[in-house]
Amino acid sequence: MMLDRLKSLDLILLASVLGLLSIGLLAIYSTSQSGGDTNYFASQLKWIFLGVGIMVVAAFLPNRLYYEISYPLYGLSLILLVVVLFWGTAGYGATRWIRLGGFGFQPSEFAKITTVLALARFLSDERWEINRPKNFAVASLIIALPFLLIAKQPDLGTGLVFIVLALPIFYWVGLNTVSLVLIVAPAVVFIAAFNLYAFAVVIVLILAFLYYTRMPLLRSAGYMVFTVSLWFIRSFFWNQLKDYQKQRITTFWNPEADPLGSGYQIIQSKVAIGSGGLLGKGFLQGSQTQLRFLPEQHTDFIFAVIGEEFGFLGVLLTLAIFTVLLVRIVHASNMYRSEFSSVIGIGIATIIGFHMFVNVGMTIGLAPVTGLPLPFISYGGSALLSNLLMIGFLLNFYRHRYEY
Amino acid sequence: MNNINFSAGNPRKYVYYGLIAACMLVLSIGFYHLQIMQESIYRGKSEKNSVKKVTQIPVRGHIYDRNWGTFHITDSVLDSLMEDGVPYQARLRLEKIKQKIFPTEESFLDTLRKTIGNNLTQRHRPALLKYAQIGKLIVDNRPSFSLYLVPALTTRPALEALGAILEVAPEQISKNFRRSRRFQPVKIARYVTLETLVKLQENRLQFPGLEWKVEPKRNYYFRSSFAHVLGTLGEIGENELSQSEEYEAGDVVGKKGIEKGLDKELRGQKGFKFVKVDALGRTVEDLSPRENALPHPGKDLFLTIDARLQQYADSLFGDRNGAFVAVDPRNGEILTMVSKPDYDLNLFAEAVKPEVWQELMSDSLKPLYDRATQATYPPGSTYKMVAAIAGLNEGIITPQWTIFCPGYYRIGRRTVHCWNAAGHGEVNITAAIRGSCNVFFYQLGLKLGIEQWTKYSRIFQFGKPCGIELTSEKAGLVPSRAYYDRIYGKGKWTNGMLANIAIGQGELLVTPLQMAQFAMILANSGRYYRPHLTRKLVDKIPAYQVTEEALKQLEFQNAPQEILNLLRGLKERQFTQNELSELLETRVTAEEGQKYEPSILEYARKIFPPPDRVSYPAEMIEGIQPEVFEIIREGMRQVVAGGTGWRAGVWQKSGAGKTGTAQNPHGDSHAWFIGFTPFEEPEIAVAVIFENGGSGSGVAAPVVGQYLQRYYYYKGEFDYQKYREFQRMLWEKQKEKARQDSLQGAGIQLEPLNIRSGN
C-alpha cells in the first residue's frame, strides 16, 4: 500500500528537489559555522521537515479540490495583500510581513501560488480563449491586481515574478506568436531606452516586424507611437522608484561605482565565486564565506558560498539539478490531460525558473540585486514552504495525470 | 495553432525546453568565465584585496563628581601657585577672593582677569584651573592592549609558546575558540602589558594568526570610596548579549553599580571602518577613510556625589561596617553614598586574578555587596515615625494622647521592655519620639492594627525599590496580614508581632537608601524626588535638535526670517555643534549672498542646548494632613535638640532626626540614625547604619554630626576654629558652675548639650 503510493509519485521530480534541499543545507551549514547568534542550519532543517510535511499532504489531497478553491484562495490572497499594506511589519524599508501568533509570513509568497491557480482555472475554460482581446484583458487583470499591490509594498523583485508569469502561461494556452512579439517588444524597448543607439536598433527591428506581418497601417502607426513614447515614460518610471531600487539598478550596470556601498555585495560575491575555481576551496574552507565578507550569505547570496567552496563543478551540478527539475515539470505539464493542471505546471516552472535565474545571475553580476531567494537552497521559511507546497501540487497532478 | 489539444501533448513544449537550455547556458558561461578564465584574478583578490568592515570600539565616558567645573581659591591653591611662579603681588590680590565659590569656568576666569589682570591670568590659566578646581575626576581611561588569534592558523606548539609568554595554560587560550569561526580573530587576552606585547612582537613569526588592538581600560582616581557607586566592568555574558542588538561577544560592559545601570550612556556607539585584509583576515591597510563611521564616544557622567563628602564619610567609618546615604531633599540628588567594607576598584580594572576573586568572594564581610542599596536591615526606632503618622492621620490617637511608660509592657503572657528600664513616665507623641519610648509605640501599634501599619509603610515607599540607577537595588520587606498568614498560618500569629514591627523590629526590612528617602519625605513634609546619582550626562559630541519650541523662542526674539526658514527645514534632525554651525554658515551665505554676524549663529546654536541635565519631577505623599507632618517634625527636632540624637546636631544650625538601635539575631544591635538639616528649609537628609555597631544615639548620631559639620564647612557656613573656641568657653563655664554647685554641696546632673561633644 505504502509502496504503491510511493510509486505513484513523480520520483524524478522528488529526487531533484531533495537534491537541491541537501545542497542548500550544506551551504547553510557552512555559513553558520560560527559563533553567530542564530543557528540557521537547525532552523532551516525544521522548516524543511515542516515543508515536506505540507508537500506530502498537498500531494494526496483530492485533485478536484484545487480547482474548486482556486478563486476563493485568490480573493483571500488579495485581501491579505491589502492587509499587509496597512498593518504589515516592516523590514528593509518595505512592509511585506504579517505576524500571526509567533511567526510571520509574506502574503506575496502566498499570492504567487493563488494567482497561478486562478489564472489556470480561468484559462482552462474553453469559453475564455486567450486570443480574444477581452479574455486577454481579464487574464492580464488577474495578474495585474496582485502585482500592483506588491509593487506598492514595495517589493520590486517579487512583483516582477508576476509580470514574468504572464507570457509563458499565455503562450502555453495558445497565444499567437505575433501577439507574443507585440507584447514582448515594449519591454525590450523599455530596457533599451537606457541607451539611445540600442533604442534606435530596437525600433527599427519592430518596424521590420510590423512590415513582415502586414499589419494594417493605422494599427502599426498606433503601436509605433506607443513604443516610441516609452522613451519619455521611462524617466517618469525611474523617478517613481525608491532610492534603494534605483541604486540596485545603477549598481547592476556598474558595481565598481560604489564598491563599499551597494556594489560591495556583488564585488564580494564575484570574488568569492571567482576564487573558487574549478574544484572549489573545499567544504568549510571558503575564506570569503568563513570570514563573512558576504552580507546575506545564507539567504540571497547563498550561491556564492556554493561557488566558492565547491567550485565550477559544484555550480554545474546544482544548475544541472535545476535543469532536470524544470524540464521535468514542463515535461509533466505536457503529460497532464487536465488543462488546469497543465497551466499550473507551467506557472510553477516559471516561478522556480525565474527565481533561480535571477538569483544565480545576481551572484555573478548578470542580473540586478533584487532580493529573490534561490528556491530550495536559500535560508528562509516562507519561501521554502511555498516552494514545497508547489511541488506538492505537481506530485498531486502527476498522480492524476490521466484524468481530465 | 490556437486550439491546442492538451490530452495529446503541447507541441510548444520545445520552446520551453529551449528557453531553459538557453538560461542554463548563459549562467554556465558566466560561471565558466568567472571561475575558470578569471580564476587567478579573483583568487588574487580574495587573497590580498578583500575589503572588510571592522568595528571600532568607542571610548567609554569619564566620570566626574558634582563639583567638576566649579572653582575656589584656597590657601593650598595659593601655595601651589607661588611654586609655579605666580608673583607675590598677585597672591595678595588673590587673597581677596579666597574661598569664594565660582560656579563656572567663565565666571572664575572673569574674576581672575579683574583681580590679577589679563596677562597673568592667561599665563597661569592651566595651573589656576587645575589647583582651584573643587570637583574631582573619578574615572577616566588608559590605553591597554588586547590580543586576538585566528584559530585556523594556530598550532599546538604556537599555543604552548604563547601560553608561556602570557603565563597561562594553553587550554585557557584555546578555550576561547569554542564558539567562534575558524577564520575569525578571537580575543584571547586583554589588558596585556606593553612589555608582553613587545615580547610577542619580537617572536611574531612564531604566531602567524596573532593580532593586537588598543582597547581602553578604566583608570580609577579613588581607590575604594566609590567602589559600590561605580561598580566594575567585565566581559559581556550570555544573557546580557541577548538584551541589546548593540552588544557583541567580547564586549566590555558594566557589571555592577552605575557602570551597569548607565552602561548604554557610558559605552557610546561603535563605529566601523573599511580595511583591506588578507585571506587570513589580517588587516593590510585602512581604506577610504571617507566611508568610515567614527565611533561615538560614551557620554561623560557627572555624579550628584560630592567627592569631598564621600571621602570624608568613608573615613568616618574606620574599620566599622555599614552604609551612609545623604540626599538633597530639594531634588533627590545623592551627595554621599558609602558602603563599608568596600574593595579596591583597581583590582577590577584588569581581568581579576582568580585568587583575588576567591578571597573577595569568601570574605565573610562580603565587601562586594553594596550595603546602601542591596542590604536590608530592620530599621529599629527610626521607623517609629511611620506608626506615629498613621496613628495621627487616621485619628486613632491625638497629639494629646498619653500613656505611662514604666519601662516595660505586658502583651499577653510576655513582657517586653523599653530601652530605658527606668521608664519614660507620662509621654505624648512628641515626647515619645524625642525619648524613643518603646512602650508608647507598642501600644500605638496594637491600636493601629496590621492593615493600617502596612498601608502607611507602603505610602512611604517601603517595600519597593527607590528606582536609583543601580540595577541590583533591593525592595526590602513590608510584612502584611497576608504575609504573616503565609509564614505562620492563619490565626497562628499574635498581636505581639504588631507591637514589634511598630518599633521597627521583626520581619520588617529596609535598605539604607530607603531610609534616606524616608528622611527626605519627612524633611519636605511629604514631597520627594527619586534619589539619583546622575547629575548630568554630557555628550562629547553633543546633538542639537531644531524643535518646534526652539523655533518659537527664536521667532519671539526676532531672529532673521532667513535663519528661521532654514532652521524649519532642518526640523527634528540631529546635528553636532560643528555640523549645525557649518550648515548655517554655508547655507545662509550661499542663499542670501551675505554672511550673518557670527553672533547670530552663536545665538541660533545656543537655542538648542543638549539636554544633558538629569532631573526628576517632584512627587508627593498623598493623603496626609500637613499638621501631622508638623507634629512629627517637631518631635524629630527635639530628638536633635536635646533628645537621643543630640550628638547629630551642628553648632548654630537647626536640625531634626531620629536614632535607632535595631536588635538582630546576628549579633550586636545595628546603630541607625536618620535626619535632616536645617529644620526650616532642609537641604540635606541623611541615613546611616553601623552594622552591629551598638546604639544609634552613641554611635550613629555622632558620625552624622561630624559629617554635617563638614557639609556646612564646605558651604562656608561652619568654622571649626570658632566652634572650638566656643566649646572651650562653654566647658570653662560649666566647670565654674560645677565648682560653685559643689561649694553649695549639691551635685547636679548636666543636661545634654545641644552640640557635639569634644570627640
Side-chain angles (χ1 to χ4, degrees), chain A residues 33-37 129-131 168 171-174 176-177 259-261 264 267-268 270-278 284 287-288 290-293 307-308 311-312 315-316 319-320 322-323 326-327 330-331 333-339 342 346 349 353 356-357 360-361 364-366 404, chain B residues 1-4 6-13 15-17 19-21 23-24 26-28 30-47 49-53 152 178-184 186 241-242 248-250 274 277-281 287-288 290-291:
Chain A
Q33 197 40 29
S34 71
D37 315 325
E129 207 274 319
I130 189 70
N131 284 312
Y171 189 64
W172 187 255
V173 296
N176 65 52
T177 316
L260 299 182
Y264 181 78
I267 293 173
Q268 291 302 337
K270 282 169 93 169
V271 170
I273 292 168
S275 63
L278 179 67
L284 304 184
S287 56
Q288 304 288 309
Q290 302 300 338
L291 286 170
R292 285 207 181 181
F293 283 116
E308 185 186 20
F312 188 54
V315 168
L316 282 188
L319 291 182
F322 266 115
T323 311
L326 292 172
V327 168
V330 175
H331 178 71
S333 301
N334 189 46
M335 292 198 293
Y336 304 148
R337 301 247 166 114
S338 150
E339 188 174 356
S342 175
I346 289 302
M356 188 277 307
F357 184 77
V360 173
I364 52 171
L366 279 179
Y404 285 95
Chain B
M1 194 193 258
N2 292 349
N3 295 316
I4 290 165
F6 276 86
S7 47
N10 189 335
R12 285 185 169 181
K13 66 183 173 192
V15 176
Y16 292 79
Y17 294 153
L19 203 62
I20 294 169
C23 286
M24 291 306 177
V26 167
L27 290 178
S28 302
F31 278 91
Y32 180 79
H33 182 69
L34 212 60
Q35 295 191 289
I36 308 296
M37 311 282 284
Q38 299 191 318
E39 187 208 346
S40 56
I41 299 174
Y42 283 110
R43 192 165 283 264
K45 276 193 181 179
S46 128
E47 270 159 22
N49 288 335
S50 308
V51 180
K52 200 173 179 207
K53 216 168 160 180
R178 232 178 300 150
R179 275 179 53 80
S180 58
R181 306 179 145 254
R182 282 169 36 71
F183 284 93
Q184 194 115 27
V186 180
L241 260 176
S242 57
E248 283 172 40
F274 288 99
V277 294
D278 61 15
L280 308 175
L287 263 184
S288 101
R290 207 167 38 83
E291 307 277 344

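In what follows, chains carry the letters A, B, and so on, assigned in the order in which the sequence lines appear, proteins first and then strands, with residues in each chain numbered from 1.
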request  = Measure Val26(B) against the heavy atoms of chain A and call it side chain, backbone, both or neither at under 4.5 Å.
outcome  = both
query = What are the two closest heavy atoms between Ser28(B) and Phe312(A), and how far apart are they?
reply = O-CE1, 3.7 Å
query = Within a strict 4.5 Å, meaning less than it, do heavy atoms of the His331(A) and Tyr17(B) side chains meet?
reply = yes
query = What's the spacing between Leu366(A) CG and His33(B) NE2 if we round to 0.5 Å?
reply = 9.5 Å
note = d(Asn10(B) CG, Glu339(A) CD) to nearest 0.5 Å is 9.0 Å
ask   = So how far is it from Ile346(A) CD1 to Lys13(B) NZ, rounded to the nearest 0.5 Å?
value = 11.0 Å
key: Side chain, backbone, both or neither of Leu326(A) within contact of chain B (heavy atoms, under 4.5 Å)   = both
task = Could you look at Leu27(B) and say if it's the side chain, the backbone, both or neither that has a heavy atom under 4.5 Å from chain A?
result = both
ask   = Heavy atoms, side chains only, cut-off 4.5 Å: are Phe31(B) and Val360(A) in contact?
value = yes
note = Closest heavy-atom pair, Ile20(B) versus Val327(A), reported as atoms and distance to 0.1 Å, is CD1-N, 4.0 Å
query = Which heavy-atom pair separates Thr323(A) from Met24(B) by the least distance, and what is that distance?
reply = OG1-CG, 3.3 Å
message = I want to check something: taking the side chain as every heavy atom from C-beta on, are Gln35(B) and Leu278(A) in contact at a cut-off of under 4.5 Å?
response = no
key: Contacting moiety of Ile130(A), where chain B heavy atoms sit under 4.5 Å   = neither
message = Check the orientation of Tyr16(B) and Tyr171(A). Use parallel for under 30°, tilted for 30 to 60°, and perpendicular for over 60°.
response = tilted
task = Identify, with sequence neighbours excluded, every residue that meets ring-ring contact (aromatic ring centres under 6.0 Å, His included) alongside Phe322(A).
result = none
